Asks: 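Got a structure for you, written out below as structure tokens; questions coming shortly.
Remember, it's a predicted structure, so these values are computed and weren't measured experimentally. Here, residue 1 is the first one in the sequence, and each next residue gets the next number.
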Amino acid sequence: MDQYPTLAFKDFLPSMAQKLGEEGFMLELQNGFHLLTDRQTGLITFESLKANSSLLGLHGIGDDEVLSMLREGDLDGDGALNQMEFYILMFRLSPGLMEGSRRWLEESLSKET
């Protein structure tokens, strides 16, 4: 028997995107980013993510887990997430959303031609 329980992850981002539409969904992502940012730097930092983790339903998250989340999305290596890195991370963590974004891109391209 595994001593650590496995958490089931339900990917709600695709259904949110479908219900809100492209613009509404991007606005929600923007709101989520601002909710987690450090007010001084405008970035999601270790301290701001740790302080606001309960807003994500992550009560009692450990420091190493917070660092792991930051490392996953930190593309420029500065130890924090800017808005674009946050968006990219959200899309990468959601396979269903990746498929939806592919469809949005194809629809946008077909409208222009």
Asks: Under the side chain to side chain contact (heavy atoms under 4.5 Å, CB included) test, which residues partner Leu27, sequence neighbours left out?
Replies: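 By the side chain to side chain contact (heavy atoms under 4.5 Å, CB included) rule, Leu27 matches Gln30, Asn31.
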
Asks: What pairs with Thr41 under side chain to side chain contact (heavy atoms under 4.5 Å, CB included), at least two apart in sequence or on another chain?
Replies: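 Result, side chain to side chain contact (heavy atoms under 4.5 Å, CB included) vs Thr41: Asp38, Leu43, Thr45.
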
Asks: Show me the pairs that pass salt bridge (charged side-chain N to carboxylate O under 4.0 Å, His left out) and involve residues 48-57, at least two apart or across chains.
Replies: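 Only Lys50-Asp63 qualify under salt bridge (charged side-chain N to carboxylate O under 4.0 Å, His left out).
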
Asks: What heavy-atom pair brings Arg39 and His34 nearest, and what distance separates the two atoms?
Replies: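 The pair with the smallest heavy-atom distance is NH1-O, 2.6 Å.
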
Asks: Once ring-ring contact (aromatic ring centres under 6.0 Å, His included) is applied, do any residues pair with Tyr87, and if so which ones, sequence neighbours excluded?
Replies: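 Residues passing ring-ring contact (aromatic ring centres under 6.0 Å, His included) with Tyr87: none at all.
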
Asks: Rounded to the nearest 0.5 Å, what separates atom CE in Met69 from atom CZ in Phe46?
Replies: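 It is 11.5 Å, given to the nearest 0.5 Å.
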
Asks: Using residues 74-81 as the side-chain source, report each donor-acceptor pair under 3.5 Å to any protein atom, sequence neighbours left out, with the distance given to one decimal.
Replies:
from: Asp74; atom 1: OD1; to: Gly77; atom 2: N; distance (Å): 3.0
from: Asp74; atom 1: OD1; to: Asp78; atom 2: N; distance (Å): 3.3
from: Asp74; atom 1: OD2; to: Asp78; atom 2: N; distance (Å): 3.3
from: Asp74; atom 1: OD2; to: Gly79; atom 2: N; distance (Å): 2.7
from: Asp76; atom 1: OD1; to: Asp78; atom 2: N; distance (Å): 3.2
from: Asp78; atom 1: OD1; to: Ala80; atom 2: N; distance (Å): 3.0

Asks: When rounded to the nearest 0.5 angstrom, what is the spacing between OG1 in Thr37 and CZ in Phe86?
Replies: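 So the OG1 of Thr37 and the CZ of Phe86 are separated by 10.0 Å.
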
Asks: Are Leu35 and Ile44 grouped together when hydrophobic residues (ILVMFWY) are joined by side-chain heavy atoms under 4.5 angstrom apart?
Replies: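 Leu35 does not cluster with Ile44.
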
Asks: Would you give the length of the straight line joining atom CG of Asn52 to atom CD1 of Ile61, rounded to the nearest 0.5 angstrom?
Replies: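 Here the interatomic distance stands at 12.0 Å.
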
Asks: Hey, is the main chain of Glu72 close enough, under 3.5 Å, to the side chain of Arg92 for a donor-acceptor pair?
Replies: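 Yes.
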
Asks: Considering residues at least two apart in sequence or located in another chain, which fulfil the side chain to side chain contact (heavy atoms under 4.5 Å, CB included) criterion with Asp64?
Replies: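 For Asp64 there are no side chain to side chain contact (heavy atoms under 4.5 Å, CB included) partners, ignoring immediate neighbours.
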
Asks: Quick one: pull up CD in Gln83 and CG in Leu29 and give me the separation to the nearest 0.5 Å.
Replies: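 That separation rounds to 9.0 Å.
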
